[in-house]
Structure formats: structure tokens, C-alpha cells
Amino acid sequence: EDKGQERGSCHRWQEKSKKGARREVEMVSLTSSDVKTWIQLFCCCSEPAFMVFYGLSPGKHMKLSPAAEEVATFFAKMLDHEYTTKEVFQKNFFKDWRKEMTSEEKSKITDLKKCDFSEMSEYFKAQSESRKAMTKEEKQKIKEENERILQEYGFCLMDNHKERIANFRIEPPGLFRGRGDHPKMGMLKRRIRPEDIIINCSKDSKHPKPPPGTKWKEVRHDNKVTWLVSWTENIQGSIKYIMLNPSSRIKGEKDWQKYETARQLKKCVDRIRAQYRDDWKSKEMRIRQRAVALYFIDKLALRAGNEKEEGETADTVGCCSLRVEHLTLHQEMDGQEYVVEFDFLGKDSIRYYNKVPVEKRVFKNLQLFMEDKEPEDDLFDRLNTSILNKHLQELMDGLTAKVFRTYNASITLQQQLNEITNSEDNVPAKILSYNRANRAVAILCNHQRAPPKTFEKSMQNLQTKIDAKKEQLADAKRELKSAKADAKVRRDEKSKKIEEQLMKLEVQATDREENKQIALGTSKLNYLDPRISVAWCKKFGIPIEKIYNKTQREKFAWAIDMAEKDFQF
DNA sequence: AGTGCAACTTAGAACGGTTCGA
DNA sequence: TCGAACCGTTCTAAGTTGCACT
């Protein structure tokens, strides 16, 4: 009910966001999942304890202390995963597991390879089976309980608005799984206790009480930040936050601002491009490097690429942190001149592989940057993200490296939609056009996915359906021909209907085939100005539900309210 | 300029419920 | 009616950016 009052025109949003600090936050309550895990831990002692078979004394079981047992169960639950076989994972796990052992356990359990977790593993498999085998009623009951928990803990009051909290559950303990080749995989992610928790709310707010006998680390009242709760995590030592859902006012305003900045860039991108092209000729190496890096960020939508501490994370790079080994220069390749072959691991260790023809000047510069360097040397040794962003800030207020990704993603969607939407098409065909435009963006941003395991089979199934439909259509056409005049109209309608169904299936097949290795979700959620899609829907009479599901409509409510059919990015 | 921290956005994997076709 | 495929949701890791401090 409140939405309508709060969300009005574009202007009201702008005014509000200019004010800066939010005012009042009242915590309704914080989840007590920490309490629950305590109880669970406690209870497991009254159950028959798990055993680890220990190979040195054949046939002997070992009853573990509760702390060592819990950590062992984390490992047992993951046994089916490939990464538990990795040396780094095992080494890290075993080291942290031993820290939880009693001195007796420590002296007995000295080699992970001699531990047999299969009994534990079976126990959890059986548990998951029995969970699956629950009756409808039991499942319904759990669902209702989850809903109750959501209602009780999942909301807060900010500036007198009840807002949904995104991640209101404290992260449970477990074994850390980084992405890619992570040096810390397998380490124990420890349990968060009330003493780790900082609560942030307004002074007069009734904030949740810590579990009996415990204290929060701190209760503070900082209205310059948006988080409600924070704690420090033990793997990287970084801070974790509980924040609001994307549907909240505070997130929506930020999102809108982000796209407005990208639209600002649209106005001056020609100037900026002219400047960096000019800078390719600079006498100063640092300026040339800056200009070539910016060209990559603009043309290829690369991320900025901060330096990372070696050995703390997986070895991944972005633009500024590219190394010589990540590029191969080809004077000529497949009939094209000056081709740069990129091959590196980006965020989340997703591979970026691309062969790009570049301007001669860029090519010559790259040769220069790579001269007399080892493969593991930085390509841009006179550049980092801080230098680059400082330069961008001078070119346009609010401009940073990531704005280029947002800008290029959104402008591509807009251009593609303008170009390929055919107003004569029916709804499924128009949606195919939309998905194709979305795909162009996903390819630009390198949002890949592994082809679904069942891809080939599901394509085949679809083809079978199409063949059957074609058969059906042929039948209908024959019947139409032989039908008497009075039945013709009815027959004609019938075959029209079948034709439409066939067309729908064929569109579906094309869409799925083209989407084989591409993930659309990330760009849709984070890079594409939703007003482009809303306007497109309005212009071509497409129901918004065909483009955005419920959650997405909630997140983009501001755009759905705001954008008219003639909005252009 | 370099470093480290804090706060925020972006990301794919895993999970679990729903739908669809045999 | 059942299982496979699909699709949305949850989870939390992994980025970017700005700022304080030296």
C-alpha cells in the first residue's frame, strides 16, 4: 500500500536520493539462527555419536568429541564433490579439523587418508532421503514454518517503511569453498556467535536481544551506511553484512542512480573515446597504458582489475591486472590484421577467451608494453585501478571503470531492440528478438554457463514435438482441402491454430539452441537499465511478466512505474 | 603514491519447488 | 502418476570503489 505513495515521478526519486543519509531504522528483529545451531549442537550429543573409522587399528571406531565430530560431518556431507579429492582442500581441512580435536584425538588421528567417513556420509544421505519422502502435509508444515520465520525475522522498518531484508540468516559454519583454484578451499568457516555481531539501527529503536547469557559485540547507530548487521568472517578477514532486499527503496534508488550515471556517459562517450585514441600517441608510457586499458574496458567490457594479494585468493585478473601471459599478439590471423588473443581467468575464475582485431596503434603499443617482459609480468606496469579511476573522474563526474560495462550493456540492448524488433511479429517472435538482444549483451559481458547436462536430449525432445506438430498441420491442411464449403471456415481456423502452435515451438527451439552456453540472468539483473525493457514492453504490447518474473518486477518496480513507451536509454 | 579497510555491487552454484510430457 | 526438465530462490564468494592514514 505504501509503495504508491513513496514511488512517484522520476523527480521525487531524484530529490530523495540527493538528501543522502537515511533517517530512521528500527529493527523488527534479527534471526536467531545462531541460537538454533547451538541447540542442534547440543542435541547431537544425546544422539548416538558418529564414528570415524580409523585405519591404523582395523575395525576400530572412534567416538569423537562434539567439536571434532561437527567438523568431520562438514567433510562427510561433501564427499560426493570433486573438490574434496583435491590436495589443497584436504590439507586445509585436516589442519583446521585438528584444531578442533582433543589432545587424545589429535594424537590418534594423524592422517586424513586413514579416516573413513562413509558411515557419516550414509547417515546424511539417509536423512536427505527421508526428507524427500515426507508427505505433502509434512512438507506444507515446513513451508508454513519458513514463512513464519520470514515474517518474524525477514523485515525491518526503515524511514517508517517496512522493508524486506535480503539475507537475514547468519551464515552457518561449514567448510569454505572458493571458486576456481582457491588456496583456502577446505578451511573451516567458523560459527558466528553473538559476540561477533554488530547491530546498526537508530538510537530509539528496539533492537533484537542477544540470546540469553550472551552479548552483541556492539550496537551502533550509523545512519550513513545501509547495513543492519555485520560481522567479520574468518577466512579472508572481510566484513559480511546483512542488508535490505533489492526491492527496498534504498537499493532501488542506488540502482536508478547507477543507470543515470551510465546515461551521463552516453552524452560524453564520443569525447572520451576521441581522447583515449589520442592518448595512444602520448610521449608518456603511463598515459599510453591508461589509454589502451581504457580502450579494452570500453570495447571488450572488461572489469577494472584490482591487484590481489597472492596466495589469499584464486589467481584471476581484470583489465589493469592483465599479465603478459594472458595476451598473444598475431600480426595476422584468419585473414585479419593485428589480432589480439586474450586468454585469462576473470571473476569467479570464469575463462575469458577472445580473438579481437584491434587498431594498428593499439597493437604497436601492446608490443611495446610486452617488450623485455617475462610472461608473469604485468602488462600495464604503470597503471592500476586507482590511477585509472582518478583519470575517469576527471573526464566525467561519477565516472569509474565499471560504468563502461553498464553503459555498453544497456546501449547494446537498446540498439539491438530498436534494430531487430519487428512490430508485425506475434508475441513469441518478439520475445525471441528480446532474448537475442539480451544475448548480445551477455556475450559482450562474457556471462557464460556450462551447457546444461541434459541439453542435447531436451533439444531432441523439442524437435520430436515439432515434427509431430508438422504432421498434425499437414493432416489439418488435407482435411481443409477436402472439406465442404460450409465446413471450410471451421477447418481453416483449426489449421491456423496448429500453425501458431508450430511456430511457437520453433521459436522455442531456436531460442534454446542459441542460449546453449549463455547466461542471461546476470546482465538482466545488474547491467540492463530496466526502463529499456519496460518501455519496449509498453511499445509493443508485451506483458511485463513475459520479461520479468515476480522477484524481478519487485526489484525493478521503480522502472515499471517510471518508464513510458518512448523511453530511450 | 601506497596500503588497508569498509561498504557496496556483481556472480555462479546449489537447492528446491513447479511444470510438463510419457 | 511419476520422473525429468525447468525455473526461481537462496546462498555467499568475489569483485569494485572510495576513503583514511602514512
Side-chain angles (χ1 to χ4, degrees), chain A residues 78 80-81 83 128 131-132 136 139-140 142-143 146 150 154 166-172 174 176-180 182 184-185 189 198 200 222 224-227 230 232-233 235-246 250-251 254-255 257-258 286 297 302-309 312-314 316-321 345-350 382 384-390 392-393 398-406 409 445-450 452-455 457-459 461-462 464-465 468 508 512 519-527 548-552 554:
Chain A
M78 292 178 155
D80 286 339
H81 264 107
Y83 46 70
S128 119
R131 225 175 305 124
K132 272 183 210 153
K136 253 198 184 133
K139 281 183 181 166
Q140 184 59 29
I142 290 174
K143 209 176 161 186
N146 284 339
L150 172 68
N167 53 328
F168 64 90
R169 274 173 247 260
I170 294 292
E171 294 175 18
F176 175 79
R177 297 126 86 170
R179 311 260 166 95
H182 198 116
K184 298 195 172 183
M185 63 168 91
K189 191 170 116 165
I198 303 172
N200 186 34
D222 180 355
K224 298 289 184 290
V225 296
T226 70
W227 54 268
S230 75
T232 301
E233 150 269 355
I235 303 290
Q236 313 281 358
S238 65
I239 307 171
K240 298 267 188 159
Y241 302 93
I242 290 182
M243 291 180 185
L244 294 190
N245 197 64
I250 211 158
K251 293 285 182 188
K254 273 283 193 94
D255 209 33
Q257 258 175 27
K258 174 181 77 182
R286 59 175 190 97
I297 284 171
L302 300 190
R303 296 186 185 82
N306 286 301
E307 295 115 295
K308 305 166 79 188
E309 211 174 326
E312 295 292 303
T313 59
T316 62
V317 297
C319 185
C320 294
S321 50
L345 297 181
K347 181 175 178 181
D348 292 324
S349 293
I350 298 290
R382 310 273 171 97
N384 60 38
T385 55
S386 168
I387 296 171
L388 180 65
N389 279 333
K390 253 176 216 141
L392 292 175
Q393 190 59 241
L399 187 62
T400 62
K402 84 200 256 293
V403 178
F404 280 88
R405 245 168 110 80
T406 312
C445 294
N446 198 40
H447 293 140
Q448 296 181 18
R449 64 165 184 181
K453 284 187 194 81
T454 51
F455 184 82
K457 202 171 153 225
S458 100
M459 272 323 279
N461 290 348
L462 200 50
T464 315
K465 270 200 239 171
Q508 201 187 343
R512 195 177 298 175
L520 300 183
T522 299
S523 51
K524 203 180 210 178
L525 228 49
N526 300 305
Y527 290 105
Y548 293 137
N549 67 29
K550 187 168 143 279
T551 316
Q552 292 164 339
E554 281 166 11

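All chains are named by letter (A, B, ...) in the order of the sequence lines, taking the proteins before the strands, and each is independently numbered beginning at 1.
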For side-chain contact (heavy atoms from CB on, under 4.5 Å), just list the numbers for A:Phe168 and A:Leu150, CA-CA rounded to whole Å, side-chain angles, deciding distance to a tenth of an Å, and then say yes or no. CA-CA 9 Å; A:Phe168 64 90; A:Leu150 172 68; 3.6 Å; yes
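If you find the closest nucleotide of DNA chain B to A:Thr406 and to A:Ser386, the one lying nearer the 5' end belongs to A:Ser386. Across the interface with DNA chain C, nearest-nucleotide mapping of A:Lys550 and A:Phe176 shows A:Lys550 to be the residue nearer the 5′ end. DNA chain B is contacted by both A:Ile387 and A:Thr522; A:Ile387 maps to the nucleotide lying nearer its 5′ end (nearest heavy atom per residue).
With B:dA11, B:dA7, C:dT12 as the choices, the nucleotide that has an atom nearest any side-chain atom of A:Trp227 turns out to be B:dA7. Which of B:dC8, B:dG2, B:dA6 sits closest to the side chain of A:Asn384 comes down to B:dG2. Minimum atom distance to the side chain of A:Lys240 is reached by C:dT12, of the listed C:dT9, C:dT12, B:dA11.
Atom pair A:Arg179:CZ and C:dA13:P shows a separation of 8 Å (rounding to whole Å applied). Between the CD atom of A:Gln257 and the C1' atom of C:dG18 there is a distance of 15 Å, rounded to whole Å. With rounding to whole Å, A:Leu302 atom CG is found 17 Å from C:dA14 atom C1'. Between A:Glu233 atom CD and C:dA14 atom P the separation is 9 Å, expressed in whole Å. With rounding to whole Å, A:Gln552 atom CD is found 7 Å from C:dG8 atom P. Straight-line distance from the NZ atom of A:Lys390 to the P atom of C:dG18: 10 Å, rounded to whole Å. In this structure, A:Leu150 places its CG atom 11 Å from P of C:dC11, rounding to the nearest Å. One can place OH of A:Tyr241 at 17 Å from P of C:dA14, the figure rounded to the nearest angstrom.
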Please list, pair by pair, any protein nitrogen or oxygen found under 3.5 Å from a nitrogen or oxygen in nucleotides 15-20 of chain B.
none

Distances under 3.5 Å between protein N/O atoms and the N/O atoms of nucleotides 15-17 of chain C, please, pair by pair.
residue, atom, partner, partner atom, Å
C:dG15, OP1, A:Thr316, OG1, 2.8
C:dG15, OP1, A:Asp348, N, 3.2
C:dG15, OP2, A:Lys308, NZ, 3.0
C:dT16, OP1, A:Ala304, N, 3.2
C:dT16, OP1, A:Gly305, N, 2.6
C:dT16, OP2, A:Asn306, N, 3.1
C:dT16, OP2, A:Asn306, ND2, 2.9
C:dT17, OP1, A:Thr400, OG1, 2.9
C:dT17, OP1, A:Ala401, N, 3.2
C:dT17, OP1, A:Lys402, N, 2.6
C:dT17, OP2, A:Asn389, ND2, 2.9

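Among all heavy-atom pairs drawn from A:Ile387 and A:Asn384, the shortest one is N-OD1, 2.8 Å. In terms of heavy-atom proximity, A:Ser230 sits nearest to A:Tyr241 at CB-CD2, 3.8 Å. In plain terms, the two heavy atoms of A:Leu388 and A:Cys320 that are nearest each other are CD2-SG, 4.0 Å.
In this structure, A:Ile350 reaches the sugar-phosphate backbone alone: every heavy-atom distance under 4.0 Å involves primed, P, OP1 or OP2 atoms, never a base.
For the pair A:Lys308 and A:Glu312, the salt-bridge criterion is not met [side-chain N within less than 4.0 Å of a carboxylate O]. The pair A:Glu171-A:Lys189 meets the salt-bridge criterion, since a charged nitrogen lies less than 4.0 angstrom from a carboxylate oxygen.
Residue A:Lys189 has a polar side-chain atom (N or O) positioned under 4.0 Å from OP1 or OP2 of C:dA13. Residue A:His447 places at least one side-chain N or O closer than 4.0 Å to OP1 or OP2 of B:dA11.
Counted by atom type alone, A:Glu307 and A:Ser321 present zero donor-acceptor pairs between their side chains at under 3.5 Å.
Ring geometry for A:His182 against A:Phe176 counts as perpendicular: the plane angle is over 60°, on a 0 to 90° scale with 30° as the lower cut.
In this structure, the side chains of A:Met243 and A:Ile250 stay at 4.5 Å or more apart for every pair of heavy atoms.
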Less than 3.5 Å apart, which donor and acceptor atoms pair up between the side chains of residues 399-406 of chain A and the rest of the protein, not counting sequence neighbours?
residue, atom, partner, partner atom, Å
A:Arg405, NE, A:Tyr527, OH, 2.9
A:Arg405, NH1, A:Ala301, O, 2.5
A:Thr406, OG1, A:Lys402, O, 3.4

